[in-house]
There are 2 protein chains.
Amino acid sequence: MGTVSKALNLLTYFNHGRTEIGLSDLTRLSGLNKATVFRLMTELQDCGFVEQANGDRAYRLGPQVLRLAALREASVPILSVSRRVLRDLSDETGETTHLSLLQGDQLNSLSHAYSRRHATKVMMEDAEVLTFHGTSSGLAVLAFADPGFVDGALNQPLAAHTNATVTDPNIVREQLGLIRTSGLAQSIGGFEADVHSHAVPIFGPNRDVIGALAVAAPVSRMSDQQKELIPAALRRAGAALISRIGGSAPASYPQAEPPHSN
Amino acid sequence: MGTVSKALNLLTYFNHGRTEIGLSDLTRLSGLNKATVFRLMTELQDCGFVEQANGDRAYRLGPQVLRLAALREASVPILSVSRRVLRDLSDETGETTHLSLLQGDQLNSLSHAYSRRHATKVMMEDAEVLTFHGTSSGLAVLAFADPGFVDGALNQPLAAHTNATVTDPNIVREQLGLIRTSGLAQSIGGFEADVHSHAVPIFGPNRDVIGALAVAAPVSRMSDQQKELIPAALRRAGAALISRIGGSAPASYPQAEPPHSN
DNA sequence: ACCAATGGTTCAAATAATGAACCGATAAGC
DNA sequence: GCTTATCGGTTCATTATTTGAACCATTGGT
């Protein structure tokens with residue numbers, strides 16, 4: 001592994017639970033030598049990718065990442081496009097909606113919208129890591145990812161987030177088959193108890209799955225009416241988002257409305 | 001300069017005018033060897049910091065920067081906090097407002113809000129680089145930056161964006177003196193013709209200037225009333241933003257309302 | 001006063017980065 | 001239709017950078 005990868009990998013240890021990391025912690029987390037970590041962090045600091053919080057203390061992500069993110073949005077405006085879609089979907093379903101994107105081998109929740117109808121709602125955080133086996137978004141992605149990727153995701157111990165989480169890889173694979181034919185994934189209490197979530201995969205310009213769009217509702221609010229409305233609205237919103245970002249679904253993806261001439 | 005810095009510096013060649021860069025162009029821009037650039041870009045690509053646009057073509061920024069930016073916002077939520085302030089300031093003044101942040105030795109416009117009152121307005125782009133001598137934001141920052149930084153910014157040829165741009169460093173320094181006593185910078189047509197902009201500096205937790213908050217209006221709309229309202233509203237908004245991000249102005253900053261007891 | 005952390009530093013040894021030349025493919029120039 | 005230039009990508013001996021064990025100086029806990 002090259003030096004640059006090592007440095008950038010250090011950045012992956014930052015997450016919502018750990019927004020600041022000290023030198024020693026980072027050394028332990030990465031398994032690298034302390035002098036190495038120090039030099040890499042110093043260099044990252046010089047470039048503005050990290051900064052030291054209070055005088056001489058722990059490191060946290062720096063301001064430079066904001067500039068890059070703004071430029072990424074300028075060239076591939078998926079987040080700004082998704083905001084409208086999420087807002088509309090949230091208004092239509094009355095529930096929390098979120099978009100997650102595949103980044104390397106992990107799935108990150110990156111944008112969300114809340115219901116304006118109900119006081120109680122499922123709460124979300126951006127940049128949260130979603131597991132593939134335990135969330136509807138993860139399942140939607142796996143169902144349309146290539147087999148090697150699926151193996152990589154399932155050939156490791158699957159954590160049980162709740163006692164409803166499916167942790168048997170064989171059962172997960174069965175679910176994926178059903179999702180492939182229906183085009184829609186569900187998870188009832190698999191990630192957080194009492195949350196029923198639906199998700200559809202999002203495809204990029206080269207027909208690869210790049211993430212998932214999801215609706216997360218409290219189980220208690222899933223009336224028969226909602227069980228019809230949410231999947232329908234989600235399919236529509238997914239198709240809208242895919243077309244807005246210039247993506248297209250692969251031939252294997254079940255089309256809601258096959259184009260028929262007459 | 002270390003390898004990591006070289007790799008990260010490659011990312012600085014991306015901007016709004018150049019969201020995609022080919023290998024050869026990047027080689028010329030950076031002055032590095034082509035093999036070096038290739039290897040660095042490959043590594044950046046492996047980490048998701050860049051990606052290749054269409055099959056095998058030019059590079060553009062990758063999705064990983066979005067995750068980092070979301071985490072940065074989680075630890076230092078200046079952008080989300082600023083959005084409200086910008087929205088309110090824009091509504092109050094009826095003009096375009098924007099926030100720029102100092103990143104390394106450059107000033108980037110990172111968030112903005114448009115007027116909902118007028119059809120014509122000054123347009124903005126996020127992640128745009130602002131010059132220090134030619135914009136009100138730049139002047140506001142320089143006026144409260146340390147002398148070494150000011151020298152670095154002014155001891156180089158100052159570009160003329162319009163024929164109203166002040167390019168004489170001595171005159172700029174005079175302006176800085178006035179800004180220090182008033183606490184507010186102005187630029188009439190210095191960056192774009194027919195745009196009158198006002199700006200106030202934004203200070204961080206350690207009393208250093210970290211950016212500027214600005215209002216940009218068409219010259220034609222700067223009535224006497226607006227000339228009073230905008231500075232007043234801007235000062236209020238600046239103070240609000242500073243307090244919301246846990247910052248504080250240095251003692252040298254002229255306080256709008258000196259706290260007086262009784 | 002001690003011990004165990006922390007962030008930061010040193011320097012010889014080991015390793016990874018470098019750059020000139022080279023490839024095959026594509027596209028422009030004549 | 002032949003030549004030439006440019007593109008993204010690759011090779012490999014030379015070179016310069018990274019590495020890691022040990023070492024400081026501070027800090028905070030007992």
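Here C:dT9 presents its C1' atom at 17 Å from CE of A:Met41, a figure rounded to the nearest Å. If you take CG of A:Leu40 and C1' of D:dG20, they are 13 Å apart, rounded to a whole angstrom. The CG-P distance, from A:Leu32 to C:dT15, rounds to 15 Å in whole Å. The distance between atom CD of A:Glu20 and atom P of C:dT6, rounded to the nearest whole Å, is 16 Å. Remark: C1' of C:dA25 and CG of B:Leu23 are 15 Å apart, rounded to the nearest angstrom. Going from atom CZ of A:Arg39 over to atom P of C:dT10 covers 14 Å, rounded to whole Å. Between the CG atom of A:Asn33 and the P atom of C:dT9 there is a distance of 14 Å, rounded to whole Å. Per the geometry, CG belonging to B:Leu29 stands 12 Å off P belonging to D:dC7, to the nearest Å.
Judged purely by atom type and a 3.5 angstrom limit, B:Ser109 uses its side chain to pair as donor or acceptor with the backbone of B:Glu125. A donor-acceptor pair is defined here as one N or O able to donate and one able to accept, closer than 3.5 Å; no such pair exists between the side chain of A:Thr19 and the backbone of A:His16.
Residue A:Ala140 comes nearest to A:Ala212 through the heavy atom pair CB-CB, 4.3 Å, listed as atom of the first residue, atom of the second, then distance. Here the closest heavy-atom approach between residue B:Leu102 and residue B:Val209 is recorded as CD2-O, 3.9 Å.
For D:dT18, neither phosphate oxygen OP1 nor OP2 lies less than 4.0 angstrom from any side-chain nitrogen or oxygen of A:Thr36. Between B:Thr3 and C:dA17, a side-chain N or O to OP1/OP2 separation shorter than 4.0 Å is absent. Taking only side-chain nitrogens and oxygens, B:Gln45 never comes nearer than 4.0 Å to OP1 or OP2 of D:dG9. Phosphate contact (OP1/OP2 of D:dC7, side-chain N/O of B:Ser24, threshold under 4.0 Å): present. Listed pair B:Tyr59 / D:dG9 meets the phosphate criterion, a side-chain N or O lying under 4.0 Å from OP1 or OP2.
Ring geometry, B:Tyr253 versus B:Phe144: the interplanar angle exceeds 60°, so the pair is classed perpendicular (tilted spans 30 to 60°).
Nucleotides of DNA chain C nearest to A:Ile21 and B:Lys6 differ in position, and the one nearer the 5' end is that of A:Ile21. Between B:Ala35 and B:Glu43, the one whose closest nucleotide on DNA chain C sits nearer the 5' end is B:Glu43. A residue-by-residue look at B:Arg28 and B:Phe38 shows that B:Arg28 has its nearest nucleotide of DNA chain D further toward the 5' end.
The base of C:dG19 does not come close enough to the side chain of B:Lys34 for any donor and acceptor atom to sit less than 3.5 Å apart.
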